[in-house]
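Keep in mind that this is a model prediction, so the values were computed, not measured. Naming convention: chains lettered A, B, ... in sequence-line order (proteins, then strands); numbering from 1 in each chain.
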Protein chains: 2
Amino acid sequence: MKKNVTLNDIAQKLNVSVGLVSLVLRGKWKENRISEEMAKKVNKAAKDLGYKPNAMAQALRTGKSKIIGLIVADIANPFYGKIARIIENEAYNKGYQVIFGSSDEDLCKFEKVVEAMKSRQVDGLLVVPVIGSHEVLQAIQESNIPTISIDRYLTDAKLPYVVTDNYKGSYDIGLYLQQKGYQNIAFITKESPLSNFIERNKGFEQSMKDTGINYQKHALSVDNWNEELVQLIRDMDTSKVDAIYFAQNMLAVEGLKTVNALHSDELDKLAIISFDNPEIFEINRPTITCYQQPLQVLAEKAVQELINSIESKQSKDISLKIEGKLIIRQSC
Amino acid sequence: MKKNVTLNDIAQKLNVSVGLVSLVLRGKWKENRISEEMAKKVNKAAKDLGYKPNAMAQALRTGKSKIIGLIVADIANPFYGKIARIIENEAYNKGYQVIFGSSDEDLCKFEKVVEAMKSRQVDGLLVVPVIGSHEVLQAIQESNIPTISIDRYLTDAKLPYVVTDNYKGSYDIGLYLQQKGYQNIAFITKESPLSNFIERNKGFEQSMKDTGINYQKHALSVDNWNEELVQLIRDMDTSKVDAIYFAQNMLAVEGLKTVNALHSDELDKLAIISFDNPEIFEINRPTITCYQQPLQVLAEKAVQELINSIESKQSKDISLKIEGKLIIRQSC
DNA sequence: CAGCAACGCTAAAACATTTTAGCCGATCAT
DNA sequence: ATGATCGGCTAAAATGTTTTAGCGTTGCTG
């Protein structure tokens, strides 16, 4: 059982005070008139002994934990996995570490995770807000923990956010469908109060209006979309539809699963387009045309904004909507 | 800027000592002969003021951070995402939080992440070890931070591990192929010094020997498997092969992508079977038969073992190999 | 009646840091 | 000669907990 090396160990070895060691190791020896000779000795001793600062003690003393909390719906969902990956990278580069939790879209669990993170003294929070979480988030904000919404935002909370421009993306999908000459679109989406669906729905409906294309909107329920979707596709009247637009990767994945399982010539003739770009889209036969979210930029910006407001204490309330891009493949 | 409520705030409000408040709040008032009346007062005050313990201070004082570190190859890979998800859940249930990092299979990055986590005073570590990491892990072990390998293990490190029984899984795949009457298998795997590949390779080769089936082993290089795989499938002599076995999800995914892109009748006739069970396998046409790893059990056990050895300080060095199961679908 | 346990609490140390005030001698300007 | 400044360091407070030693009073036992 090796004890960790502390400042005290170094100080004793050199017969100096702990304070001095601390100052040197944090690079503040110049402004504190400590001799270069001494600085060198201290640094050497620290290296020799293998000193690693105790982050807990630092956190306690400074009030800064250098930890940021990340709350997503489900880290097992590759969409969030990818985001988490980028966030982790950015954060590490800036000397922060990431502690994560999944909410499962459940308010109760979301609140628990927030509490746990608050207790951990996270310096800031990156959250994918769940329905009804505005109060918790407002509270967190007031206890002065900078918080940024990602992926979606709540209209009833005054949180800064960094999200994809869902309206524009969905609108552009409509334009693309027009350009390709489709006339009757089955628009499969969810009836959700979350910003991303609201905007995707608005955007697409507006572009349908502007282009004059026929479409049928199927807004599935948040709780039971899964079964409803299977039913919907099973019963689809393929004579009245020439393209399907899935407004989300989960819808598309489940949809493709059903389509492929049914193996019907009529269904196979339909064009397919989707929001999001899961890996499956490149493997499916045909490969699927989609609107890819700018995950890299989104996650980077979110971390940057968060760390900015952590370190400068000026919550500038800058919110961002970032454009993604259409990826054209075989299906449409 | 609301300050956090501390023990001191409660103590002052009630005109008692901090120690007493601490004792009560941690449920130790009985064994410390504190009156029930007082205990109630304290609890009420704590609730009223909204007291949340400062985990940093607790950690500093007790030497237990209640944080476990999780290092995977890439959290964006759904395989690890799923594991992370289960680990997170288990850990939260036991009062631990999870801090994560991705190694990218890069030793240097792995070491950095380990250092960062050690500095954070993690109580224990769950790692997917990368090639060459035995020294770092040995060192970590010696500084008395319980560590468990998951997914794979290093033969040259004496770490406990919790992994799938890769040998058995791969052997069973061979048996299944025999049962289905396949005669010429293309066995696509990687030439890796990591335990999972070593055992999958051994297991399959043994079962080929035992069953007497013809097979060709294609062990791709760890660094360039991607391109090699595309080439391999492109050049495959379909007259001499009736089934392909992919020894890993990444191989299968890339393989299916290539197969589907080539759209060749001969390739389509081949049976396909794979280790792992990514979501795509259920969507692909045909759906893919595979050996599914017991992720739930694996991750749960790993967390349990880890927390055991954190809390009891007896590193029992129990290592586990857990069986997965064959999932039979259309492709084979 | 001496000794002792029980009671209900307090005080203080300890954890590893960071940061500020200040000490002492020497140099410098006035 | 006086006062100020500076160089190089130390001492100590502070962060929010947990834990142990112990204090003064009662009541009981032998």
By nearest atom, which of the nucleotides dT17(D), dT17(C), dT10(D) is closest to the Ala57(A) side chain? dT17(C)
Asn8(B) CG to dA14(D) C1': how many Å, rounded? 12 Å
Rounded interatomic separation in angstrom, taking NZ from Lys30(B) and P from dA6(C): 17 Å
Which atom of Ile10(A) lies closest to which atom of Val5(A), heavy atoms considered: CG1-CG1, 4.4 Å
Report, as yes or no, whether the 6.0 Å neighbourhood of atom CD on Glu36(A) holds more than 12 heavy atoms from other residues, nucleotides or ligands. no
Just checking Met56(B): base, sugar-phosphate only, or nothing, at a heavy-atom cut-off of under 4.0 Å? nothing
Check whether the side chains of Gln296(A) and Glu300(A) place a donor and an acceptor atom closer than 3.5 Å, and report yes or no. yes
Neighbour count above 12 (heavy atom, 6.0 Å) for Glu135(B) CD: no
Rounded to whole Å, the CD-C1' distance (Glu36(A) to dG7(D)) equals 14 Å
Report the distance from atom CD of Glu37(B) to atom P of dC7(C), rounded to the nearest whole Å. 16 Å
Once each nucleotide of nucleotides 19-29 of chain D is scored for protein heavy atoms under 4.0 Å, what B/S/- sequence comes out, 5' to 3'? B--B-------
In whole angstroms, the gap separating P of dG16(D) from CD of Gln58(A) amounts to 17 Å
Do the side-chain N and O atoms of Tyr80(B) and Asp151(B) include a donor-acceptor pair separated by under 3.5 angstrom? yes
Asn15(A) near the nucleic acid: base, sugar-phosphate alone, or nothing, with a heavy-atom cut-off under 4.0 Å? sugar-phosphate
Between the side chains of Ser65(B) and Asp123(B), is a donor N or O closer than 3.5 angstrom to an acceptor N or O? yes
Minimal non-hydrogen separation, Val113(B) against Tyr92(A), with atom names: CG1-OH, 3.8 Å
Which of these nucleotides, dC9(D), dG16(D), dT17(C), is closest to any side-chain atom of Ser35(A)? dC9(D)
Is Asp104(B) salt-bridged to Arg85(A), going by a charged N under 4.0 Å from an acidic O? yes
Nearest whole Å is fine: how far is dT17(C) P from Lys66(A) NZ? 16 Å
Please report, rounded to the nearest Å, how far the C1' atom of dA11(D) is from the CD1 atom of Ile34(A). 14 Å
Pull out every residue in residues 43-52 of chain B that has a heavy atom closer than 4.0 Å to any atom of DNA chain D, ordered by number, or say none. Tyr51(B), Lys52(B)
So, is Thr6(B) close to the dG16(D) phosphate, meaning a side-chain N or O under 4.0 Å from OP1 or OP2? no
Look at the side chain of Asn54(B) and decide which nucleotide, out of dG16(D), dT10(C), dT10(D), has an atom nearest to it. dG16(D)
For Trp29(B) and dC7(C), what is the distance between atoms CH2 and P respectively, to the nearest whole Å? 13 Å
Under 30°, 30 to 60°, or over 60°: which ring-plane class applies to Phe100(A) and Phe100(B), parallel, tilted or perpendicular? perpendicular
